[in-house]
Engineer: 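Have a look at this one before I ask anything.
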Amino acid sequence: MRIDVVTIFPGYLAPLREALLGRAIEAGLVELGVHDLRDWTHDVHQAVDDSPYGGGPGMVMRPQVWGEALDAVLGDAPARLVVPTPAGRPFTQATAQAWAGEERLVFACGRYEGIDQRVVDAYAQRMPVDEVSIGDYVLVGGEVAVLVMVEAVVRLLPGVLGNPVSAQEDSFSDGLLEGPAYTRPVSWRGLDVPDVLRSGNHAAIARWRRDRALERTAARRPDLLDALPDHALDRTDRAF
Ligand SMILES: N#Cc1c(-c2ccc3ccn(Cc4ccccn4)c3c2)n[nH]c1N
């Protein structure tokens with residue numbers, strides 16, 4: 001997979017070259033390009049924003065600069081354009097799974113009050129464009145959202161995680177939150193590891209883990225339970 005990010009703060013994306021993602025890049029599993037939007041300005045002030053038509057607070061990012069930058073970065077290669085915005089569709093694990101199958105993702109990081117809508121509209125005429133949000137809170141720009149989304153996607157790529165099974169057993173992968181996890185020591189500050197996890201009875205362990213996942217999901221994210229298809233819960237599950 002190739003990932004390109006266009007931003008006025010390239011340094012914000014430096015963490016993408018650290019740790020797991022950095023190793024994926026070094027292993028050739030991912031190619032990453034980070035581009036400074038201001039490289040496509042032509043004025044001495046390198047202006048990327050202007051006042052909003054219709055008035056209102058803040059500034060809007062100019063379409064011309066974005067058009068030149070995205071034309072240059074995209075070239076003729078097919079890609080999915082992703083535009084983080086607080087007004088976007090929710091970015092979920094399902095989104096990450098879908099994007100993990102893409103050959104190329106290009107992320108447009110806005111700032112100020114966002115990017116002129118015509119940028120999305122123009123590129124949507126010739127390629128898939130997703131306006132997405134990582135959560136119901138307002139950030140100052142799209143860079144942090146791109147860090148989140150790139151990590152969620154890249155970890156799903158074959159060869160990136162040491163143990164691919166863990167991606168299959170993620171929270172959300174079966175529609176439920178993950179239950180509690182434990183490691184040594186058996187007792188810590190008067191708190192003990194649940195006996196079942198040390199029993200060697202794999203069926204009992206699997207049942208216990210599912211029960212804890214259902215319990216946690218019912219308590220913290222009842223919306224996820226409501227969204228589960230009927231076949232996803234067996235009779236024992238329905239006790240929650
Ligand atoms: N994804 C995501 C986001 C964002 C986000 C993403 C991109 C931009 C570009 C500018 N701003 C500031 C801003 C503030 C107010 C109204 C419009 N825009 C962004 C915020 N906020 N919260 C999320 N879950």
Side-chain angles (χ1 to χ4, degrees), residues 1 3-16 21 30 32-41 45-74 79-100 102 104-124 127-156 170-172 177 220-221 223-224 227:
M1 175 181 285
I3 297 173
D4 287 281
V5 186
V6 183
T7 169
I8 59 172
F9 293 115
Y12 237 102
L13 284 301
L16 291 181
L21 300 187
V30 177
L32 175 66
V34 179
H35 313 273
D36 188 339
L37 179 68
R38 294 192 197 277
D39 289 352
W40 286 276
T41 59
H45 300 295
Q46 296 193 306
V48 295
D49 63 303
D50 203 339
S51 305
Y53 274 118
M59 304 292 274
V60 175
M61 300 189 93
R62 299 168 59 211
Q64 307 96 318
V65 185
W66 273 105
E68 287 191 36
L70 290 175
D71 285 350
V73 169
L74 283 164
R80 175 176 294 273
L81 177 62
V82 177
V83 183
T85 167
R89 295 176 189 278
F91 174 78
T92 66
Q93 188 68 18
T95 317
Q97 292 281 6
W99 292 357
E102 295 282 349
R104 195 177 177 206
L105 298 173
V106 176
F107 291 88
C109 293
R111 281 270 158 169
Y112 307 99
E113 295 300 309
I115 302 171
D116 186 298
Q117 186 60 39
R118 289 169 292 180
V119 174
V120 164
D121 297 346
Y123 286 92
M127 61 195 295
V129 179
D130 290 321
E131 293 181 272
V132 290
S133 168
I134 61 166
D136 293 341
Y137 38 79
V138 182
L139 302 170
V140 178
E143 287 78 7
V144 166
V146 170
L147 291 175
V148 167
M149 294 189 279
V150 167
E151 179 164 313
V153 171
V154 170
R155 66 183 291 276
L156 297 175
D170 275 344
S171 265
F172 308 104
L177 301 182
R220 299 178 183 177
R221 290 294 305 275
D223 58 299
L224 292 179

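When a ligand or atom number is given, it counts from 1 through the structure's own listing order. Below, all heavy atoms of this structure are taken into account, side chains as well, without hydrogens, waters or symmetry copies.
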Engineer: Assess whether side chain to side chain contact (heavy atoms under 4.5 Å, CB included) is satisfied between Thr7 and Leu37, documenting all intermediate values.
Structural biologist: CA-CA 5 Å; Thr7 169; Leu37 179 68; over 6 Å; no

Engineer: Between the side chains of Asp116 and Tyr53, is a donor N or O closer than 3.5 angstrom to an acceptor N or O?
Structural biologist: no

Engineer: Taking it one step at a time, do Val48 and Arg62 satisfy side chain to side chain contact (heavy atoms under 4.5 Å, CB included)?
Structural biologist: CA-CA 6 Å; Val48 295; Arg62 299 168 59 211; 5.8 Å; no

Engineer: Is it the side chain (CB and beyond), the backbone, both or neither of Leu139 that lies under 4.0 Å from ligand 1, heavy atoms counted?
Structural biologist: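 Both of them.
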
Engineer: Considering non-hydrogen atoms of the protein only, which is the closest contact for atom 23 (C) of ligand 1, and what is the distance?
Structural biologist: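 The answer is Tyr137 O, 3.4 Å.
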
Engineer: Ion pair present between Arg80 and Asp130, side-chain N to carboxylate O less than 4.0 angstrom?
Structural biologist: yes

Engineer: Mark up the atoms of ligand 1 that fall under 4.0 Å of a heavy atom belonging to Ile134, in ascending order.
Structural biologist: 1 (N), 2 (C), 24 (N)

Engineer: Under a 4.0 Å N-O cut-off, is there an ion pair linking Arg38 with Asp36?
Structural biologist: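 Salt bridge: no.
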
Engineer: Does some side-chain heavy atom of Met61 sit less than 4.5 Å from a side-chain heavy atom of Val119?
Structural biologist: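 In short, these two side chains do not touch, never coming nearer than 4.5 Å.
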
Engineer: Can you report which non-hydrogen protein atom sits closest to atom 16 (C) of ligand 1, along with the distance?
Structural biologist: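 Looking at atom 16 (C) of ligand 1, the protein heavy atom closest to it is Glu113 OE1, 3.8 Å.
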
Engineer: Among all protein heavy atoms, pick out the one at the shortest distance from atom 7 (C) of ligand 1; state its residue, atom name and that distance to 0.1 Å.
Structural biologist: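 Checking every protein heavy atom, the shortest distance to atom 7 (C) of ligand 1 gives Pro84 O, 3.2 Å.
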
Engineer: When you look for heavy atoms under 4.0 Å from ligand 1, do you find them on the side chain of Ala145, its backbone, both, or neither?
Structural biologist: side chain

Engineer: Is the Trp99 ring parallel, tilted or perpendicular to the Phe91 ring (thresholds 30°, 60°)?
Structural biologist: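 Judged by the thresholds at 30° and 60°, the geometry between Trp99 and Phe91 is tilted.
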
Engineer: Which bit of Ile115 is near ligand 1, meaning a heavy atom under 4.0 Å away: side chain, backbone, both or neither?
Structural biologist: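 Looking at Ile115 and ligand 1, no heavy atom falls under 4.0 Å.
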
Engineer: Give the residue and atom name of whichever protein heavy atom lies nearest to atom 14 (C) of ligand 1, and the separation in Å to one decimal.
Structural biologist: Val138 CG1, 3.5 Å

Engineer: Considering non-hydrogen atoms of the protein only, which is the closest contact for atom 5 (C) of ligand 1, and what is the distance?
Structural biologist: Pro86 CD, 3.4 Å

Engineer: Atoms of ligand 1 less than 4.0 Å from Tyr112 heavy atoms?
Structural biologist: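 That gives atoms 10 (C), 11 (N), 12 (C), 13 (C), 18 (N) of ligand 1.
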
Engineer: In ligand 1, which numbered atoms sit nearer than 4.0 Å to a non-hydrogen atom of Val140?
Structural biologist: 10 (C), 11 (N), 12 (C)

Engineer: Could you tell me whether Arg111 and Asp49 make a salt bridge, using a distance below 4.0 angstrom between a side-chain N and a carboxylate O?
Structural biologist: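 Looking at Asp49 together with Arg111, the answer is no, because their closest N to O distance does not fall below 4.0 Å.
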
Engineer: With no hydrogens and no angle check, just 3.5 Å: does a side-chain donor-acceptor pair link Thr85 and Glu131?
Structural biologist: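 There is no such pair between these side chains.
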
Engineer: At a 4.0 Å threshold, what atoms of ligand 1 neighbour a non-hydrogen atom of Arg111?
Structural biologist: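 Taking each heavy atom of Arg111 in turn, ligand 1 has 9 (C), 10 (C) under 4.0 Å.
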
Engineer: Val132 heavy atoms, cut-off 4.0 Å: which ligand 1 atoms fall inside?
Structural biologist: 1 (N)

Engineer: Could an N or O of ligand 1 be found under 3.5 Å from any N or O of Gly135, whether backbone or side chain?
Structural biologist: yes

Engineer: Under 3.5 Å, side chain of Tyr12 to main-chain N/O of Leu147, donor-acceptor pair present?
Structural biologist: no

Engineer: Work out whether the distance between some heavy atom of Gly88 and some atom of ligand 1 is less than 4.0 Å.
Structural biologist: no

